[in-house]
Amino acid sequence: MKPTTPTISDSTLIVIAGPTGSGKTDLSVAIARHFHAPIISTDSRQVYRGMAVGSAQPSDEQLAAVPHYFIAGRDVTERFTCADFEREALALLDRLFAENKYVVAVGGSGLYIDALCDGLDELPDADPELRKELSDRLSAEGLEALAEELKRLDPIYYETVDRQNPARVLRALEVCLQTGKPFSSFRTGSKTKRPFRIIKIGVTMERTELYARIDRRVDAMMEQGLEAEARALYPFRALPSLQTVGYREMFAHFDGEYGLGRAVELIKRNSRRYAKRQLTWFNRDPSIRWFHPSETDAIIRHIVSPGV
RNA sequence: GGUGCCAUAGCUCAGUUGGUAGAGCAACGGACUGAAAAUCCGUGUGUCCCUAGUUCGAUUCUUGGUGGCACCA
């Protein structure tokens with residue numbers, strides 16, 4: 001009989017995805033405790049300090065119960081992108097899997113999850129100066145002019161890109177100008193095989209239940225001091241990290257655009273819409289197995305024997 | 001109890017001189033590669049309160065109900 005020496009392929013990343021307010025955090029702590037696993041967050045906003053309430057970071061008790069990574073480790077003024085996340089998370093997993101068979105990854109940012117599980121293409125990071133220049137040109141010349149330039153520099157991507165989406169057109173143009181090569185030449189569309197097993201759990205429920213939970217959670221955030229938190233972050237309101245549901249509406253309220261009650265209403269509505277977009281993203285991933293957050297036992301069984 | 005007004009999408013309402021209807025908001029569906037809680041695209045989802053008439057045809061006109069609001073008692 002051969003000795004069963006542990007190899008890296010025994011390592012398992014338990015990915016927990018789902019819309020905002022679905023109960024991912026509580027579930028992740030329960031799963032992590034059961035499998036004695038640390039938790040890494042795949043949430044693009046919970047990485048920042050000072051956003052504990054509005055981004056629904058895990059509670060102090062939860063943070064004390066299980067080691068967490070990528071929670072409140074960055075200043076809101078720092079740039080932190082999906083590529084930074086991929087690099088750092090992979091390096092971290094290397095270390096964590098040296099001592100743990102299981103690691104839990106939980107969060108609502110679909111792009112971060114895909115970056116971690118499948119890898120991003122080798123693209124250059126954004127150049128802030130070029131980006132500024134392009135966004136100035138966007139307001140001066142209009143989107144159509146920039147799309148025309150993209151047509152010249154990368155006719156292939158121009159055919160498939162959403163030409164009405166400034167973010168898409170600008171990013172492609174940015175890469176073309178920065179590298180002198182068409183954006184499409186970097187897009188392989190291939191997935192990187194990771195040196196660990198991946199099991200994806202999706203958390204969801206009836207829309208009416210989800211929306212009721214979102215409403216309740218927004219009310220809870222208000223009780224926990226969202227207004228004061230947003231007040232403290234107001235000077236940073238123009239930063240990418242603060243383009244976030246919960247804060248934007250509060251900032252607009254501080255600017256006198258509407259009353260506090262209206263702000264709370266809008267936070268609820270925009271959270272619902274965000275949840276909808278998350279579900280659209282996750283629904284196209286056939287490797288996700290969906291559960292109600294209360295089905296902890298079934299989820300554990302599925303992790304132990306995913307084939308069943 | 002009497003009189004008047006109202007009843008159309010989830011909500012607020014418009015409209016059809018009789019040919020089964022449309023705005024705003026909400027909602028729903030989708031896209032997504034270094035800003036992703038971002039950014040963008042698409043979609044009316046309807047016993048026109050019920051009933052019986054008139055009519056080729058009624059959400060629209062008439063009868064009788066039901067519910068709501070207002071005023072008078």
Side-chain angles (χ1 to χ4, degrees), chain A residues 17-22 24 41-48 51 53-57 76-89 107-128 130-132 134-135 138 143 147 157 160-172 174-175 178-179 183-192 207-208 210-211 214-215 217-218 221 226 230 236 238-250 262 265-285:
Chain A
T20 189
S22 59
K24 295 186 297 295
S41 164
T42 54
D43 188 295
S44 68
R45 293 301 188 273
Q46 291 183 2
V47 283
Y48 295 108
M51 296 174 66
V53 175
S55 72
Q57 285 170 5
V76 292
T77 57
E78 287 180 72
R79 271 201 318 160
F80 187 75
T81 68
C82 55
D84 296 323
F85 175 76
E86 181 190 356
R87 275 191 290 271
E88 292 185 25
S109 303
L111 182 60
Y112 281 39
I113 293 172
D114 288 354
L116 181 58
C117 297
D118 303 320
L120 298 166
D121 289 327
E122 296 288 327
L123 288 170
D125 280 330
D127 169 3
L130 179 57
R131 182 159 288 194
K132 169 81 168 62
L134 285 172
S135 84
L138 175 66
L143 181 56
Y157 188 63
T160 54
V161 69
D162 178 356
R163 283 168 229 160
Q164 298 188 81
N165 190 334
R168 296 278 113 72
V169 173
L170 255 64
R171 171 61 183 154
E174 175 181 279
V175 173
Q178 224 172 309
T179 63
F183 180 56
S184 56
S185 67
F186 296 93
R187 290 164 51 86
T188 70
S190 63
K191 296 180 175 181
T192 309
R207 206 57 74 81
T208 49
L210 179 63
Y211 287 179
I214 287 173
D215 287 351
R217 194 171 73 160
V218 172
M221 284 179 179
L226 178 62
F236 307 104
L239 293 172
S241 51
L242 273 310
Q243 306 315 307
T244 303
V245 175
Y247 299 100
R248 284 173 138 190
E249 296 83 355
M250 279 306 202
R262 177 66 180 154
E265 262 176 48
L266 287 174
I267 292 171
K268 289 174 178 174
R269 184 197 69 183
N270 293 338
S271 296
R272 288 196 288 272
R273 291 178 175 178
Y274 172 47
K276 172 69 189 61
R277 274 177 271 132
Q278 289 174 300
L279 285 168
T280 298
W281 182 288
F282 294 133
N283 276 153
R284 86 181 161 177
D285 185 344

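Reckoned from all heavy atoms, side chains included, excluding hydrogens, waters and symmetry mates. In what follows, chains carry the letters A, B, and so on, assigned in the order in which the sequence lines appear, proteins first and then strands, with residues in each chain numbered from 1. Here the structure is a predicted model, which is why all the values come from computation and not from measurement.
Of the N and O atoms on the side chains of A:T81 and A:D84, at least one donor lies less than 3.5 Å from an acceptor on the other residue.
Applying the side-chain hydrogen bond (donor to acceptor under 3.5 Å, both in side chains) rule to A:R187 yields no partners; only residues at least two apart in sequence or on another chain are considered. By the side chain to side chain contact (heavy atoms under 4.5 Å, CB included) test, A:F236 is found to be paired with A:V76, A:T77, A:L233, A:L239, A:L242, residues two or more places apart in sequence or in another chain being considered. The ring-ring contact (aromatic ring centres under 6.0 Å, His included) search around A:F80 returns none, not counting sequence neighbours. In terms of the ring-ring contact (aromatic ring centres under 6.0 Å, His included) criterion, residue partners of A:Y112 (sequence neighbours excluded) are, by chain and number, A:F85. A:N165 meets the side-chain hydrogen bond (donor to acceptor under 3.5 Å, both in side chains) test with no other residue; sequence neighbours excluded. With sequence neighbours left out, the ring-ring contact (aromatic ring centres under 6.0 Å, His included) criterion links A:Y48 to no other residue.
Note on A:G54: a base of the nucleic acid sits closer than 4.0 angstrom, heavy atoms only. Residue contacts for A:D43: at a heavy-atom cut-off of 4.0 Å it reaches a base atom on one of the strands shown. Heavy atoms of A:R273 sit under 4.0 angstrom from primed sugar atoms or phosphate atoms, though from no base atom. Base engagement by A:S55 is indicated by at least one non-hydrogen atom pair under 4.0 Å involving a base atom. Across all strands shown, A:Y211 has heavy atoms under 4.0 Å from sugar-phosphate atoms exclusively, and none from any base. Across all strands, A:G110 comes closer than 4.0 Å to no nucleic acid atom at all (heavy-atom distances). Contacts of A:Y112 with the nucleic acid, taken as non-hydrogen atoms under 4.0 Å apart, involve only primed sugar atoms and P, OP1 or OP2.
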Let me check something: any side-chain donor-acceptor pairs from residues 116-126 of chain A under 3.5 Å, sequence neighbours excluded? List them with distances.
unit_1: A:D121; atom_1: OD1; unit_2: A:T188; atom_2: OG1; d: 2.6
unit_1: A:D121; atom_1: OD2; unit_2: A:T188; atom_2: N; d: 3.0

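Along RNA chain B, the nucleotide nearest A:R171 and the nucleotide nearest A:L266 are compared for position; the residue whose nucleotide lies closer to the 5' end is A:L266. Mapping A:V175 and A:Q278 onto RNA chain B by nearest heavy atom places A:V175 at the nucleotide closer to the 5' end.
Per the geometry, CG belonging to A:D84 stands 14 Å off C1' belonging to B:rU33, to the nearest Å. Here the C1' atom of nucleotide B:rG34 and the CG atom of A:L134 are 15 Å apart, to the nearest Å. Atom CG of A:L116 is separated from atom P of B:rG34 by 17 Å (rounded to the nearest Å). As rounded to whole Å, 14 Å separates atom C1' of B:rA35 from atom CG of A:L130. Between A:R187 atom CZ and B:rG34 atom C1' there is a gap of 13 Å when expressed in whole angstrom units. Rounded to whole angstrom, the span from the CG atom of A:N283 across to the C1' atom of B:rC28 amounts to 14 Å. Taking atom CG of residue A:L111 and atom P of nucleotide B:rG34, one finds them 7 Å apart after rounding to whole Å. For A:E174 and B:rG34, the CD to P distance is 8 Å, given to the nearest whole Å.
At a cut-off of 3.5 angstrom, the base of B:rA35 holds at least one donor-acceptor pair with the side chain of A:R131.
The side chain of A:K276 contributes an N or O atom lying less than 4.0 Å from OP1 or OP2 of B:rG29. Using a 4.0 Å cut-off, no side-chain N or O of A:T81 falls inside it from OP1 or OP2 of B:rA35.
In this entry the base of B:rG22 is anti relative to its sugar, with a glycosidic angle more than 90° from 0.
Contact annotation: the side chain of A:I113 approaches that of A:F282 to within less than 4.5 Å [non-hydrogen atoms, C-beta and beyond].
Using P as the reference atom, B:rC6 and B:rG46 are 27 Å apart when rounded to the nearest Å. Nucleotides B:rU62 and B:rG30 place their C1' atoms 49 Å apart, quoted to the nearest Å. Remark: the separation of the C1' atoms in B:rU20 and B:rC72 is 40 Å, to the nearest Å. The C1' atoms of B:rC69 and B:rG44 are separated by 30 Å, rounded to the nearest whole Å. Taking atom P in both B:rC48 and B:rG10, the straight-line distance is 12 Å, to the nearest Å. Nucleotides B:rG15 and B:rU54, compared at atom P, are 30 Å apart to the nearest Å. Rounded to the nearest Å, the gap between the C1' atom of B:rU17 and that of B:rU12 is 27 Å. B:rA70 and B:rU59 have their C1' atoms separated by 26 Å, with the value rounded to a whole Å.
A salt bridge links A:R171 with A:E174: the closest approach of a Lys/Arg side-chain nitrogen to an acidic carboxylate oxygen falls below 4.0 angstrom. Contact check on A:D215 versus A:R272 returns a salt bridge, with a Lys/Arg side-chain nitrogen under 4.0 Å from an Asp/Glu carboxylate oxygen.
In this structure, A:M250 and A:A230 approach most closely via the heavy-atom pair CB-CB, 3.6 Å.
Secondary-structure stems of RNA chain B, taken as three or more successive Watson-Crick or G-U wobble pairs (i with j, i+1 with j-1) under a 3.5 Å distance threshold, comprise B:1-7 with B:66-72, B:10-13 with B:22-25, B:27-31 with B:39-43.
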Check the interface with nucleotides 38-40 of chain B: list each N/O to N/O pair with the protein under 3.5 Å, or write none.
unit_1: B:rA38; atom_1: OP2; unit_2: A:R277; atom_2: NH1; d: 2.1
unit_1: B:rA38; atom_1: OP2; unit_2: A:R277; atom_2: NH2; d: 3.1
unit_1: B:rA38; atom_1: O3'; unit_2: A:R248; atom_2: NH2; d: 3.3
unit_1: B:rA38; atom_1: N1; unit_2: A:R168; atom_2: NH2; d: 3.2
unit_1: B:rU39; atom_1: OP1; unit_2: A:R248; atom_2: NH2; d: 2.7
unit_1: B:rU39; atom_1: OP2; unit_2: A:R248; atom_2: NH1; d: 3.4
unit_1: B:rU39; atom_1: O2'; unit_2: A:N165; atom_2: OD1; d: 2.2
unit_1: B:rU39; atom_1: O2; unit_2: A:N165; atom_2: ND2; d: 2.8
unit_1: B:rC40; atom_1: O4'; unit_2: A:N165; atom_2: ND2; d: 3.1
unit_1: B:rC40; atom_1: O2'; unit_2: A:D162; atom_2: OD2; d: 2.7

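Considering only the side chain of A:A126, B:rG34 comes nearest among B:rC28, B:rG34, B:rA31.
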